[in-house]
Student: 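This structure is in structure tokens; I'll ask about it shortly.
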2 protein chains.
Amino acid sequence: MTIQQPQTRIQKKNRETILDAALDVFSEHGFRGATLDQIATTAGLSKPNVLYYFASKEAIYTALLSGLLETWLDPLRAIDPDGEPVDEILAYVMRKLDMSRTFPRESRLFANEIVQGAPRILDQIEGPLKSLVDETSTMFRRWTREGRLAEIDPHHLIFSIWATTQHYADFSAQIRGILRSEGEEHFDVAADFLEHFYRRALVPSPG
Amino acid sequence: MTIQQPQTRIQKKNRETILDAALDVFSEHGFRGATLDQIATTAGLSKPNVLYYFASKEAIYTALLSGLLETWLDPLRAIDPDGEPVDEILAYVMRKLDMSRTFPRESRLFANEIVQGAPRILDQIEGPLKSLVDETSTMFRRWTREGRLAEIDPHHLIFSIWATTQHYADFSAQIRGILRSEGEEHFDVAADFLEHFYRRALVPSPG
DNA sequence: CGTCTTCCTGACCGTTTGGTCAATAATTTC
DNA sequence: GAAATTATTGACCAAACGGTCAGGAAGACG
């Protein structure tokens, strides 16, 4: 773990500026669709200057991805094994929905990457992500065994939560087009919908 | 409506070959990420020959998109207003899941397009798609009023169906990575999961 | 102040990209 | 089978692309 810290304040500021601009551009156009010129212009820097802080376009992209994956998985880790199952999972759903509202660019960045076969993040999916999901699944299964959670496939439950919540960020162009909504009002309706929807699915049936 | 039909058999065959190759390439890399050379190579044709059949890269893309949208919406149109609400909607879910299994490339093509802001298909979303969704929503609301469907926001119900079913095509890289599955067995588990999941959500609560 | 390091840029380079075109090959038509 | 039409291609082009580099500007430090 050779994490160097000799960051001057200019370095820190410019690296952040670049990563933020890159998030804008990559999340909107994908890796191949994005250009260094776009990133440089968005960041308000010259192209050679961008390359002074990052070795290559690829380096910017991977820096973004790996930096973001942690944040993206935190809500899953935050599920309390000792909590009330239905409440814990519902809270997770709400946290994920909130992330779609607050960090739509991050969500679309991952969406782009994964739709195109996850070429630069497959290791992390098959490694840390899989482990975390498997652990959580084991927990869900325990909860089901204890009669505190409906009988439901834990993996597919998690998939459905990702799908339904991230949909509001990843497919927002479609949702806005259909709801004719330019603001974020629909997120509150979505929260309501998902709350009822998942409560019904999760509460164990009597007997 | 000037739809010309003077297609020779060679024209027909090659246009189809090109569109199929383009579906391969565009669905994997998005519009900007795809190159004419890739499409030509995949189609087994020379690049100038591809451009002999389509005016431009953009023309191939839009030909694909508009040709596919109809197919994509058919399952929604197939919901029978006079049928049993829960059964009808469940059948719709299954049809959509089946399309994710059978036509993953088409699903990813749309996913790419919409994640990136739907720049070349927004008209169709705000026009025909919105109309169809609004009509269907009205029908769902009527079913709810008649006590044959749970109280549930129809728009968000439709969004959730799209999200959960298309997820299996659009994010298959992630799903395969987590389930360590290379085949399609997980589609059967998914069908089971979604069936129970949506039945719980849709059946009206007594009273 | 002067020196040293960090920061920044204009000009440039090789490659890839979407697209053109003149010429040739294959097919259809009579 | 000749003429006309359709199909195919190698060679080419201008623009856009990711990236380099020498040199100058700005900041840090004694």
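In what follows, chains are A, B, ... by sequence order, proteins preceding strands, each numbered from 1. Keep in mind that the numbers below use all heavy atoms, side chains included, and drop hydrogens, waters and symmetry copies.
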Student: For C:dT28, take OP1 and OP2 only and decide whether either is under 4.0 Å from a side-chain N or O of B:Arg9.
Tutor: yes
Student: Which is more 5' along DNA chain D, the nucleotide nearest B:Lys13 or the one nearest A:Leu36? Just name the residue.
Tutor: B:Lys13
Student: For the salt bridge (charged side-chain N to carboxylate O under 4.0 Å, His left out) test, which of B:Arg15, B:Arg105, B:Lys13 pairs with B:Asp20?
Tutor: B:Arg105
Student: Can you name the closest pair of heavy atoms from A:His196 and A:Asp192 and give their distance?
Tutor: ND1-O, 3.0 Å
Student: What range of DNA chain D does chain A touch, first nucleotide to last, counting atoms under 4.0 Å from its heavy atoms?
Tutor: D:dC17 to D:dA28
Student: Would A:Arg145 and A:Glu151 pass as an ion pair if we require N to O under 4.0 Å?
Tutor: no
Student: Could you tell me the separation between the CG atom of B:Asp37 and the P atom of C:dT15, rounded to a whole number of Å?
Tutor: 16 Å
Student: With a 4.0 Å cut-off on N to O distance, would you call A:Arg77 and A:Asp74 a salt bridge?
Tutor: yes
Student: Relative to B:Tyr168, does B:Arg101 satisfy both conditions: NZ or CZ under 6.0 angstrom from the six-membered ring centre, and within 45 degrees of the ring's axis?
Tutor: no
Student: Tell me which one of A:Trp162, A:Phe103, A:Phe110 satisfies ring-ring contact (aromatic ring centres under 6.0 Å, His included) with A:Trp72.
Tutor: A:Phe110
Student: Find the distance A:Ile10:CD1 to C:dC7:C1' and express it as a whole number of Å.
Tutor: 7 Å
Student: Backbone N or O of B:Glu182 within a donor-acceptor pair of the B:Arg176 side chain at under 3.5 Å?
Tutor: yes
Student: Please state whether the phosphate of C:dC7, meaning OP1 or OP2, lies under 4.0 angstrom from any side-chain nitrogen or oxygen of A:Gln11.
Tutor: yes
Student: Taking atom C1' of C:dA25 as reference, at what distance in whole Å does atom CG of B:Asn14 sit?
Tutor: 15 Å
Student: Give the residues of residues 46-57 of chain A touching DNA chain C, defined as any heavy atom closer than 4.0 Å, sorted by residue number.
Tutor: A:Ser46, A:Pro48, A:Asn49, A:Tyr52, A:Tyr53
Student: Centroid-to-centroid, A:Phe197 to B:Tyr198, below 6.0 Å?
Tutor: yes
Student: Would you mind classifying the nucleic acid contact of A:Ala34 as base, sugar-phosphate or nothing, using non-hydrogen atoms under 4.0 angstrom?
Tutor: sugar-phosphate
